[in-house]
Amino acid sequence: MTPIDPAGPEPISVVQHPTSHPTVDEAAAIIRRGGAVAFPTETVYGLGADALNADAVRRVFLLKGRPGVNPLIVHVSGAGMAARVVAPGGWSDDAARLARAMWPGPLSMVLPRADAVPPEVTAGGPTVAVRCPDHPVALALLFHLGTPLVGPSANLSGSVSPTTAAHVRDSFPPDDVFVLDGGPCRGGIESTVLDLASPTPRVLRPGLIGASEIAEALGRDVLPPPARPPARPGDGPGAPLPSPGLTPRHYAPRTPARLFDSGELDLVLRGAGRGAVVLSHDDADVPPPHALIRLPADADLYARELYAALRDADGRGAGVILIQRPPRGGDRAEVWAAIADRLARATA
Ligand code: TXA
Ligand code: MG
């Protein structure tokens, strides 16, 4: 086999049948040896390793600088593979129904874990989050390996998730992480995390699949995401966090970032000192020395571009990133709500 350059710029064409792609073979070999491979999904890039190999999983935590209390999502090729990581009897009717309706897709289901899953994966907890990614390269890797893969977002813990292979390469040395380049992710924000291990299903992390869509597929109520602690004092009540990874500050650029309402822009720019980068989804008037990054007004396109825009803004050496508060309501209200969730954490 020809040697593969881990930093190789050539994206894998999704038109080609990727199961026969030499780069996927190489990635699978690295994972079998206990290594880490970044892989594209329809949401963001994941940092993959063999979910049943405790040493490989520990390395993923180390590479990301992730606190051991934050469990990982296990990626599977479908319901059959999911059954290997879920406790016997834990694959409920609800889980089966949602897998049929939404997989492959951006839905992670939290279910009782099987004994075969190393405690590192679940942060010692009794449940495991599973999802089947809707991306041909991720699926090719999973089918090729025949083994489940942990896949936290392929970024350093707490920072902005990667939506391109270049974003991943910015965070990890090529010797540590082999990157499968499947081009830009079309979803752009992380999967919906749904707790199915409690009596009433509950969204723990909002995403592109909304609670109403899940409720419709299940034919019963689904609880909305829990209230998060206020981003700013006075913003509203806080509540205990039921998901260990739902920290108030997350998805955050290094540059201080804050939200603004459209009517406030002049005022906040006046206080922005040595230059602000403004992220806006409408025609904001942004005079020099400040800079504007225009985001789409369409919720799905906004989600797709958000993380690249945050990374772009972060790289401009500005004093502050100002982000226009996203719209509420409309027929994509749940997508806007998921975006608002990420922005609240990015600016906390
Ligand atoms: O779209 C995604 O979900 C991406 C792609 C790569 O699949 N992955 C991802 O993983 O976002 P990560 O590790 O960055 O976020 C996983 C989230 C965290 O908030 C974590 O706390 C939560 O899922 N989670 C994982 N296992 C859980 C469990 N057993 N119970 C509750 N929450 C869990
Ligand atoms: Mg993450």
Side-chain angles (χ1 to χ4, degrees), residues 36-49 51 57 60-61 63-76 85-87 90 102-114 117-135 137-139 141-142 148-163 167-168 171 180 182 185-198 201-209 225-226 228 241-252 303-304 307 338 341-342 345-346:
V37 169
F39 62 98
T41 81
E42 80 282 33
T43 59
V44 301
Y45 275 74
L47 188 56
V57 173
V60 166
F61 276 89
L63 283 166
K64 277 182 63 79
R66 182 172 179 114
V69 294
N70 192 359
L72 305 181
I73 293 173
V74 174
H75 293 68
V76 295
V85 295
V86 173
M102 317 261 177
W103 280 4
L107 178 69
S108 298
M109 298 192 268
V110 173
L111 293 160
R113 79 168 174 98
V117 180
E120 283 80 358
V121 173
T122 68
T127 60
V128 63
V130 282
R131 99 169 182 99
C132 176
D134 187 12
H135 194 290
V137 175
L139 287 171
L141 184 62
L142 284 162
L149 293 174
V150 291
S153 51
N155 53 274
L156 300 179
S157 182
S159 71
V160 181
S161 294
T163 53
H167 293 165
V168 180
S171 301
L180 278 174
C185 301
R186 65 181 188 280
I189 59 172
E190 306 80 358
S191 63
T192 304
V193 178
L194 179 73
D195 179 12
L196 283 180
S198 309
R202 165 169 234 160
V203 172
L204 298 176
R205 179 174 70 182
L208 297 175
I209 296 180
R228 55 182 180 83
L241 297 171
S243 184
L246 292 173
T247 49
R249 185 171 166 81
H250 213 96
Y251 315 109
R304 183 182 295 176
Y307 289 157
D341 167 84
R342 303 306 190 275
R345 293 178 209 281

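Atoms within a ligand are numbered from 1 in the order they appear, just like the ligands themselves.
- At distances below 3.5 Å, at least one donor-acceptor pair connects side-chain atoms of Thr192 with backbone N or O atoms of Gly207.
- Judged purely by distance below 3.5 Å, without hydrogens or angles, the side chains of Thr43 and Arg131 pair a donor atom with an acceptor atom.
- With hydrogens and angles ignored, the 3.5 Å screen pairs no side-chain donor or acceptor of Arg342 with any backbone N or O of Ala346.
- The backbone N or O of Asn155 sits less than 3.5 Å from a side-chain atom of Lys64, completing a donor-acceptor pair.
- When the heavy-atom distances from atom 30 (N) of ligand 1 to Val121, Val110, Val128, Leu149 are ranked, the shortest goes to Val110.
- Residue contacts with ligand 1 for Met109 are absent, since no atom lies close enough (heavy atoms, distance under 4.0 Å).
- Ligand 1 lies less than 4.0 angstrom from a heavy atom belonging to Gly151.
- Between Val44, Thr192, Leu194, Ile189, it is Val44 that holds the heavy atom closest to atom 4 (C) of ligand 1.
- Within the 3.5 Å criterion, the main-chain N or O of Tyr307 finds no donor-acceptor partner in the side chain of Thr163.
- Between His135 and Phe39, the distance separating the two ring centers is not shorter than 6.0 angstrom.
- The shortest N or O to N or O distance between Thr127 and ligand 1 is under 3.5 Å.
- For ligand 1 and Ala129, the ligand atoms under 4.0 Å from any heavy atom of the residue are 25 (C), 26 (N), 27 (C), 29 (N).
- Under a 4.0 Å criterion applied to the non-hydrogen atoms of Pro152, ligand 1 contributes the atoms 10 (O), 12 (P), 13 (O).
- Every atom of ligand 1 is numbered from 1 in the order shown, and the set under 4.0 Å from a heavy atom of Leu204 is 31 (C).
- Among the candidates Val121, Leu47, Leu72, the single residue satisfying the side chain to side chain contact (heavy atoms under 4.5 Å, CB included) test with Phe61 is Leu72.
- Put simply, no part of Arg113 is less than 4.0 Å from ligand 1, judged by heavy atoms.
- Here the rule is side chain to side chain contact (heavy atoms under 4.5 Å, CB included) with His167, and of Cys185, Pro162, Ser161 only Pro162 fits it.
- Residue Ser108 has no nitrogen or oxygen atom sitting less than 3.5 Å from a nitrogen or oxygen atom of ligand 1, judged on distance alone.
- For ligand 1 and Gly46, the ligand atoms under 4.0 Å from any heavy atom of the residue are 6 (C).
- At a 3.5 angstrom cut-off on N or O pairs, Arg205 counts as close to ligand 1.
- The closest non-hydrogen atom to atom 9 (C) of ligand 1, taken over Ser153, Pro71, Ala38, Gly187, comes from Ser153.
- For atom 7 (O) of ligand 1, the nearest non-hydrogen atom from the set Lys64, Glu190, His75 belongs to His75.
- Of all the heavy atoms in Pro112 and Val128, the pair that sits closest is O-CG1, 4.2 Å.
- Among the atoms of Ser153, an N, O or S atom is found under 2.8 Å from the Mg ion (ligand 2).
- Checked by atom type, the side-chain pair Ser153/Glu190 shows no donor-acceptor distance below 3.5 Å.
- Using a 4.0 Å cut-off between charged nitrogen and carboxylate oxygen, Asp134 and Arg186 count as a salt-bridge pair.
- At a heavy-atom cutoff of 4.0 Å, ligand 1 is contacted by the side chain of Asn70 but not by its backbone.
- Of all atoms in ligand 1, listed by their number and element, those nearer than 4.0 Å to a heavy atom of Val193 are 23 (O).
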